[in-house]
Amino acid sequence: MASQTAAMSSIRSISRQGLGAPLLLIVMMAMIVVPLAPFLLDVLFSFNISLALVVLLVTIYTLRPLDFGLFPTVLLITTLLRLALNVASTRVVLLEGHTGTDAAGQVIKAFGEFVVGGNYAVGIVVFAILVIINFVVITKGATRISEVSARFTLDAMPGKQMAIDADLNAGLIDQELARQRREEISAEAEFYGSMDGASKFVRGDAVAGILILFINIIGGLIIGIFQHDLSFAQAARNYTLLTIGDGLVAQIPALLLSTAAGIIITRVSSSQDMGSQVLQQLFGNPRSLAVTSGILGIMGLIPGMPNLAFLSLSVLCGFGAWWIHRRQQEKLREIPAAAKAVEPEVKDLSWDDVTPVDAIGLEVGYRLIPMVDKEQGGQLMGRIKGVRKKLSQELGFLIPPVHIRDNLDLPPTSYRLTLMGVTVGEAEIHPDKELAINPGQVFGSIDGIPTTDPAFGLEALWIDPSQRDQAQTMGYTVVDAETVVATHLSQQLQSHAHELLGHEEVQHLLDKLAKVAPKLVENLIPDTLSLGVVVKVLQNLLSEGIPIRDIRTIAETLAEHASRSQEPDVLTTAVRGALGRLIVQQINGIEAELPVITLDPGLEQLLQQTVQTGDGGGVGIEPGLAERLHGALAEAAQKQEAAGQPAVLLVSGIIRTMLAHFVHHGIPSLHVLAYNEIPGDKQIKIVATVGQPSSVTAEQ
């Protein structure tokens with residue numbers, strides 16, 4: 001026991017020092033150059049067969065091909081080891097084969113005499129059959145599968161990367177999970193690329209086995225007859241049996257490793273091992289066994305057929321079908337019976353009977369219920385939690401829970417999104433299919449049901465899951481039905497975030513701020529501003545897509561400007577100026593230069609006069625001018641988007657709010673900023689100027 005422990009510790013020490021691979025290569029080179037004793041050949045051949053069995057069993061019990069990502073390297077090492085053993089055994093056979101069939105050790109003798117009965121003609125036939133099975137059937141199929149898998153895996157990488165980015169942007173996964181998925185995609189491409197090359201090792205090994213067989217037989221006959229004066233019959237018997245034994249000892253591990261390569265390249269990632277998959281998929285339906293039992297029974301009744309064998313198998317299959325059917329029925333009967341309903345006591349109506357309106361609601365048709373039922377494998381609940389978590393972190397306040405319920409009034413495969421009881425989105429999906437979204441540039445067409453992405457209105461197709469890799473190769477972004485619903489919900493929540501923020505949510509934000517800045521909150525509310533004004537300012541920010549994460553800066557700005565004005569719009573303008581760095585970074589990242597669109601000075605001055613002379617709510621732009629201005633701004637924004645740059649309209653603070661409302665619905669991609677919102681370290685680049693002063697008029 002102590003010696004085994006010492007041996008294991010020495011092996012681990014060699015592995016940690018990085019000497020394992022060099023030592024193995026040195027040993028294989030020594031086997032090729034240095035003559036080996038028959039005893040060592042027996043040990044090494046036994047080790048080679050054991051290693052092949054271990055590799056085969058590992059591939060069978062591996063759940064995913066990537067779990068055995070070292071397989072291509074192991075395949076190369078085992079192939080080199082087997083070829084080195086062939087060289088070592090060939091040397092011994094040719095040098096000592098004249099002494100008898102035990103010249104190369106007991107393993108080769110056993111395979112040469114016991115396995116093939118000492119008949120070298122039978123041995124040649126058995127060896128040829130093994131080579132045909134290995135070379136023509138297993139190796140050729142595994143090589144073809146490796147080539148196809150490597151090609152499709154590499155072609156599908158861009159689409160898979162886009163799908164990960166889509167899930168990340170929708171809040172379904174976090175940065176860490178996205179990084180793990182990208183690493184899995186990269187590892188998958190490397191694995192199948194390596195398997196494409198490693199399959200050539202197996203194919204070349206099979207060819208080498210055939211050549212080594214003929215070389216050994218011919219060389220043995222020449223050496224035995226001309227050097228050792230053996231008769232042709234004696235030389236043929238000795239050297240052929242030794243060569244056949246040597247070939248069988250090498251071909252059996254080669255066959256095992258070829259089978260392992262075929263198994264791992266044809267495996268589908270699953271949470272079950274291979275045995276569980278076979279039992280579930282092959283014998284999960286008792287009908288197949290029942291029909292097989294009937295066919296075998298009919299064949300067993302035909303005169304002249306092996307009646308006992310067919311009838312026995314018929315009875316066995318019939319019993320198996322009956323047993324599987326009984327197990328399935330027992331599982332159905334195990335469902336607990338519903339408790340007897342108790343007749344409720346009739347009570348008078350109260351305020352508890354008035355059902356409050358859900359802040360966020362999701363209604364689904366009856367065919368979509370499995371998507372939200374965890375017991376049926378539905379993952380939509382988890383996706384929705386991910387959306388709420390991501391939006392809460394980005395926007396700066398807790399998104400209310402989503403109330404999910406079924407609605408029999410909806411079509412079976414439709415869902416409806418509601419905010420405060422009002423429908424804001426509705427779509428129909430196919431839960432058994434996947435949505436292939438056209439991001440704007442795809443190469444080729446694919447069969448599917450035409451539709452529109454409910455979140456962003458892009459052209460899309462509902463396709464079968466088996467077409468996923470093909471669609472991703474063509475440039476489509478492919479997502480499942482649950483991701484479609486979650487993305488649609490995320491988009492609607494972002495668009496209506498200001499409606500979800502109320503007095504309770506703002507009070508929670510202020511309570512959290514009071515823990516780190518108690519004096520700031522104490523002086524702000526209620527002495528300086530009322531809670532309602534603060535709520536309105538925060539709602540204004542959210543309505544323009546500005547998060548309220550930096551609640552401390554917002555509160556400090558409100559406390560500073562509250563003495564000058566109590567108007568929410570004026571305070572919002574002041575807060576926007578304080579959050580200018582955040583606003584610009586959201587639009588243009590960390591780029592040092594910000595491209596902007598400006599108004600003609602005459603037009604901007606006239607709009608300022610119109611706002612200053614207005615009565616607060618009646619400021620408007622003459623309809624003809626409004627139409628021309630809107631068209632010019634839309635055209636400039638489209639040019640910026642086509643150039644891959646953000647569309648930003650830079651105006652004075654007096655007219656910023658008016659123009660922001662003016663372009664909000666018609667040109668949602670155009671950001672309207674004031675001069676005081678641009679950080680001092682940003683360079684401004686004017687890319688377009690809109691408006692002509694001579695054609696401008698305005699009215700109140």
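The figures that follow rest on heavy atoms only: side chains count, while hydrogens, waters and symmetry mates do not.
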inquiry  = Distance check, rounded to the nearest 0.5 Å: Asp358 atom CG versus Ile360 atom CD1?
reply    = 9.5 Å
request  = Measure from the side-chain N and O atoms of Glu677 to the backbone N and O of Ala674, and report whether any donor-acceptor pair falls under 3.5 Å.
outcome  = yes
key: Min side-chain heavy-atom separation Arg576-Arg656 under 4.5 Å   = yes
query = Is there a donor-acceptor pair under 3.5 Å between the side chain of Gln566 and the backbone N or O of Ala562?
reply = yes
key: Exam field: side chain Asp464 to backbone Ser466, donor-acceptor pair closer than 3.5 Å   = no
query = salt bridge (Lys or Arg N to Asp or Glu O under 4.0 Å) between Glu176 and Arg179: does it pass, once the steps are laid out?
reply = CA-CA 5 Å; Glu176 180 65 21; Arg179 183 184 61 81; 2.2 Å; yes
Side chains of Glu604 and Ile655 in contact at under 4.5 Å (non-hydrogen atoms) = yes
message = Nearest 0.5 angstrom please: Leu650 CG to Ile686 CD1, how far?
response = 8.0 Å
query = How about Ser414 and Glu426: does a side-chain donor come under 3.5 Å of a side-chain acceptor?
reply = no
Please output the side-chain donor-acceptor pairs of residues 503-520 that fall under 3.5 Å, not counting sequence neighbours, one pair per line with the distance.
residue	atom	partner	partner atom	Å
Glu505	OE1	Gly502	N	2.9
Gln507	NE2	Asp511	OD1	3.0

message = What I'd like to find out is whether the side chain of Val596 reaches to under 4.5 Å of the side chain of Val687, using heavy atoms alone.
response = no
message = Between Thr451 and Leu461 (side chain of the first, backbone of the second, donor and acceptor by atom type, cut-off under 3.5 Å), is there such a pair?
response = no
ask   = Are the charged groups of Arg416 and Glu428 less than 4.0 angstrom apart, N to O?
value = no
query = When rounded to the nearest 0.5 angstrom, what is the spacing between CG in Asn523 and OG1 in Thr528?
reply = 6.5 Å
inquiry  = Measuring only between side-chain heavy atoms, which start at C-beta, is Trp462 closer than 4.5 Å to Ile429?
reply    = yes
query = Tell me, do Val575 and Leu541 make a side-chain contact under 4.5 Å, heavy atoms counted?
reply = yes
Verdict with reasoning, Glu591 to Lys682, per salt bridge (Lys or Arg N to Asp or Glu O under 4.0 Å) = CA-CA 8 Å; Glu591 297 292 333; Lys682 293 291 182 181; over 6 Å; no
ask   = Between Glu593 and Gln683, does any side-chain donor sit less than 3.5 Å from a side-chain acceptor?
value = no
request  = Could you verify whether a donor N or O on one side chain and an acceptor N or O on the other, from Thr418 and Glu363, lie under 3.5 Å apart?
outcome  = no
inquiry  = To check you understand the geometry: which heavy-atom pair defines the closest contact between Ile437 and Pro439, and what is its length?
reply    = O-CD, 3.1 Å
query = Without hydrogens or angle criteria, can the side chains of Thr572 and Asp569 be said to hold a donor-acceptor pair below 3.5 Å?
reply = no
query = With no hydrogens and no angle check, is any side-chain donor or acceptor of Gln640 less than 3.5 Å from a backbone partner on Pro646?
reply = yes
inquiry  = If only side-chain N and O atoms count, and only distance matters, is there a donor-acceptor pair under 3.5 Å linking Thr483 with Arg383?
reply    = yes
ask   = Side-chain contact, heavy-atom cut-off 4.5 Å: Leu599 with Thr689?
value = no
His496 side-chain N/O to Gln492 backbone N/O, donor-acceptor pair under 3.5 Å = yes
Derivation of the salt bridge (Lys or Arg N to Asp or Glu O under 4.0 Å) call for Lys433 and Asp480 = CA-CA 7 Å; Lys433 296 183 179 294; Asp480 55 28; over 6 Å; no
remark   = Smallest heavy-atom separation, Ser652 atom then Tyr675 atom, equals N-CE1, 3.3 Å
key: Separation between NZ of Lys536 and CD of Glu567, rounded to the nearest 0.5 Å   = 11.0 Å
key: Exam field: side chain Glu482 to backbone Gln379, donor-acceptor pair closer than 3.5 Å   = yes
query = How many angstroms lie between CD1 in Ile597 and CD in Glu635, if you round to the nearest 0.5 Å?
reply = 10.0 Å
task = Taking all non-hydrogen atoms of both residues into account, name the closest pair between Pro454 and Tyr415 and its distance.
result = CG-OH, 3.6 Å
query = Distance-only, no hydrogens or angles: does the Ser490 side chain make a donor-acceptor pair with backbone N or O of Ala486 under 3.5 Å?
reply = no
note = One should read off an interatomic distance between His498 NE2 and Leu542 CG, to the nearest 0.5 angstrom, of 8.5 Å
inquiry  = Donor-acceptor pair, distance only, cut-off 3.5 Å: does the side chain of His561 make one with the backbone of Thr557?
reply    = yes
ask   = Any side-chain heavy atom of Glu459 within less than 4.5 Å of one from Thr452?
value = no
remark   = In short, Met371 meets Pro431 closest at the heavy-atom pair SD-CB, 4.0 Å
ask   = So do Leu489 and Val402 actually touch side chain to side chain, heavy atoms under 4.5 Å?
value = yes
inquiry  = Any salt bridge linking Arg549 with Glu394? Criterion: basic side-chain nitrogen under 4.0 Å from a carboxylate oxygen.
reply    = no
